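Throughout, protein chains are lettered first and strands after them, A, B, ... in sequence-line order, and every chain is numbered starting at 1. Quantities reported herein were computed from a predicted structural model and do not represent experimental measurements. Side chains are part of it too, since the values below use all heavy atoms of this structure and drop only hydrogens, waters and symmetry mates.
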Amino acid sequence: MIYEKDSNKNDNLRTHSLSILVDNEAGALARVVGMFSARGYNIDSLTVAQVESDENLSRITITTSSTDRVIDQIKAQLERLVPVHKVLDLGNEGTFVSRELIFAKVKCKGEKRVEALRTADIFRAKVVDSTNKSFIFELTGSSDKLDAFITLMKDLGLVEVARTGSVAITRGSSKII
Amino acid sequence: MNFSGANIVIKSLRDLGVEYVFGYPGGAILPIYDEIFKQNKIRHILVRHEQGAVHMAEGYARSTGNVGVVLVTSGPGATNAVTGLTDALMDSVPILCLTGQVPTHLIGTDAFQEADTLGITRSCTKHNFLVKSADKLQKTIFKGFQIARNGRPGPVVIDLPKDVQNDQTTYIPNMNKRFRSSYSKKNINNSSVNKDHIDIACQLIIKSKKPIVYIGGGLINSGANAIKELKNFSILSNFPITSTLMGLGAFPASNNLFLGMLGMHGTYEANMAMHDCDLMINIGARFDDRITGRLDKFSPKSKKIHIDIDPSSINKNVLVDIGLIGDAGKILNNINKKLKTLNFSSLNQLRSNWWKTIKKWRRKDCLNFTNSKEIIKPQHALKVLNNKIKDKDFFITTEVGQHQMWAAQFIGFDKPNRWMTSGGLGTMGYGFPASIGVQIANPESLVICVAGEASFLMNMQELSTLKQYNLPVKVFIMNNRYLGMVRQWQEFFHGKRYSESYSDSLPDFVKLAESFGIKGMRVDHPEKLNEALDEMINHKGPVLADICVDKAENVFPMIPSGAAHNEMKLSDKDKVPTSTKKGKMLV
Ligand SMILES: Cc1ncc(C[n+]2csc(CCOP(=O)(O)OP(=O)(O)O)c2C)c(N)n1
Ligand SMILES: [Mg+2]
């Protein structure tokens, strides 16, 4: 490896989406998460599920805000773990799509009910449950979009949010392994 | 044909060429002990504390290059092993530690002697496994062994529930010959040396006017080939070479190119050369804080090449210009080959001024000390020891503290795998059990543990192991009646307030040795040193020697934490340049 000191790498914090393919075995997730906490790296969001049942692999998506140098170190530390097969920093692989899903429970009456429904419509959120004093909205989208929706709903009686964290994948036909 | 899981464990270890197991029995590991009883190919060494077992296995591994194997029971057996495992992780020592576990149906019930071994050892192992069924056993042991040994070595724990040890299953003969895990594939992919990068590195090497080679323990882990290639490189290049604590012996100390150890207690010439160089070639070292000192003032004018098998070592602490990832021996071989095509040695005069400067630094004679006729100076004791052993086939282990640093400074190592010390974790209590493991692997050699009186007390129960196997280890206690390294820091950085650093109520070490049936000696005057050391070395069995040394001596040179390489303190007369707040925060 050749490093050009201070060339493109900078010390600004950036959000990175890491896709990590691991053996689907007890302790693999703990090793990945443990590496972050032991070395003082932060995790903004984390999702994990089995994705390739025949090869018994799970895919972990972690978003973290770090400088480019720290991200290089995080990648190297992850790749060192025995159950880790592959680590991709999606931002470096061309473009990628990333989505999150939330359920937002909003408690409201009268005018606010109408306003909540109207806002939901603008964001294309679905109503998945409704009582005469509440709604549960389901919304999928980029993290920014969900943040905006939550901010608006706060004024309309938001009581609870369940949020998945990001899942992400590169565009085009290339495969992670 | 079917065998019990326990039987398969022993068969697999035998297939892997294991000769010794260091262990301590208990309820959850009894089926394996039963199998040990029924055979005589693998020798079991009964320790007196599980921490001792891991350090012995480390001593065995580091002096032979083989994997050290440990066998302990569940719960307290496993938790007692944790310090040793962490030590092996920090110093990249290949260890396979088999731990007993409560039967699978009791896991999670807070059963007697249950501990979450997998959870507890996750952060102090390279990898760990819980084997949930007997048919996975053989493969897991092979894989664990491979992980411990390959790439950057480290400790692996395999947790074995008691029912898995008892269950019957099939055994596959000769699996070791065919065994390939996904892990071995991954390692091969990781270590491909790029030819262009070698070429660029060679250009830097050729052009450098003030080069330094800085070697570490990774070179020793890489093996005999790497040692040979470094030798070849040194002949080709005539570059000065310095070593970390872990790398001592990878390049002969008696070679004129060798500048001694670098870092916090390294030599003046090594540290000054690190600071002023224009090219640094790091081979198998990791820019540890004991080495770099103050990071923002670390070798400010140099281009840096870093050779390491672990990609995460590159740019972790210090940004380098070229990172070469892979086996040090192979990479050095590539570099040497390339350099030969470049007609390189003819450019030697380019570096004659650099050597002049280095000679000037050497003339400072930084390891100089004022000897005494009344009291044994620790440096003097080690100098005498070094003179007596230097032509012998010897191994040195140490505990942690001042004596460790003096041993590194005053004993010369011309061969690798001869020097065993706890570098990364700095574990007091490492050296004595490690010396037992070294002696078991090298029964005919002279094995000496250079110890501090306080460190020795941390695992002195292993005197009983020493006696049981009648191992002729010489324990050389540099007794300064202080936690000397702590006392030194308190003297320099805490206003001479010697808080809890006096070694009070010490035993009579001679009587202590004798109570175990071991020869004990006390040496309390410089005049007696010469004869006493002969007596110690020539005694056929184990010896515990209590060397009463100056209580107030300090280790020099010293780069205080938070200071730069060119801010060394060379003697008590030098002002300590660190009353900086930042420095005080560091260890
Ligand atoms: C297990 C452990 N506890 C504490 C320390 C901190 N420590 C480092 S050196 C030292 C003193 C060691 O004293 P001794 O063994 O007598 O060696 P000396 O420095 O006197 O040569 C201590 C307490 C350590 N390294 N390891
Ligand atoms: Mg002491």
Side-chain angles (χ1 to χ4, degrees), chain A residues 1-11 18 20-41 52 54-58 60 64 66-89 92 175-177, chain B residues 107 116 118-119 121-130 132 136 143-144 146-148 150-152 154 156-157 159 181-187 189-190 192-194 196-201 204 303-306 308-326:
Chain A
M1 253 189 277
I2 304 254
Y3 299 94
E4 293 279 335
K5 269 190 219 167
D6 307 313
S7 58
N8 291 321
K9 312 245 158 171
N10 61 50
D11 289 336
L18 297 176
I20 308 158
L21 225 52
V22 299
D23 285 324
N24 184 18
E25 64 182 28
L29 179 63
R31 281 221 170 244
V32 168
V33 174
M35 191 287 290
F36 275 81
S37 67
R39 295 188 184 267
Y41 306 131
E52 310 231 4
D54 40 338
E55 287 180 65
N56 206 23
L57 293 177
S58 288
I60 300 174
T64 176
S66 306
T67 64
D68 290 344
R69 290 211 176 89
V70 171
I71 271 290
D72 286 345
Q73 184 58 207
I74 290 176
K75 270 187 70 180
Q77 292 292 352
L78 285 171
E79 279 162 354
R80 208 153 81 105
L81 303 177
V82 174
V84 169
H85 290 247
K86 180 92 184 188
V87 183
L88 273 190
D89 181 0
N92 289 349
K175 196 167 177 268
I176 181 164
I177 306 192
Chain B
I107 289 178
D116 174 14
L118 213 60
T121 62
R122 188 166 290 131
S123 54
C124 64
T125 52
K126 185 172 170 189
H127 196 55
N128 58 8
F129 299 90
L130 169 65
K132 284 192 180 147
K136 298 234 173 75
K143 188 171 177 190
Q146 200 169 62
I147 291 170
N150 288 12
R152 180 174 176 177
V156 171
V157 162
D159 205 20
S181 68
S182 56
Y183 181 74
S184 45
K185 276 183 244 149
K186 183 166 142 182
N187 251 311
N189 294 342
N190 268 349
S192 51
V193 189
N194 182 318
D196 292 348
H197 298 173
I198 298 274
D199 291 354
I200 297 170
L204 286 180
K303 292 264 181 199
K304 298 177 185 74
I305 300 172
H306 189 181
D308 206 294
I309 199 157
D310 177 359
S312 76
S313 284
I314 313 271
N315 286 352
K316 181 171 66 182
N317 300 331
V318 170
L319 290 180
V320 297
D321 300 274
I322 300 180
L324 298 171
I325 296 162

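- A:Q73 places none of its side-chain heavy atoms less than 4.5 Å from the side chain of B:N317.
- Of the atoms belonging to B:I147, it is side-chain heavy atoms, and not backbone ones, that fall under 4.5 Å from chain A.
- For A:A30, the parts sitting under 4.5 Å from any heavy atom of chain B are the backbone and the side chain alike.
- For the pair A:E79 and B:S312, the minimum side-chain heavy-atom distance is 4.5 Å or more.
- Considering only heavy atoms from C-beta on, B:N315 stays 4.5 Å or farther from A:R69 through its side chain.
- Contact record, B:D310 with A:R80: OD2-NH1, 2.7 Å, taken as the closest heavy-atom pair.
- Closest approach of A:R31 and B:T121 over heavy atoms only: NH2-O, 4.4 Å.
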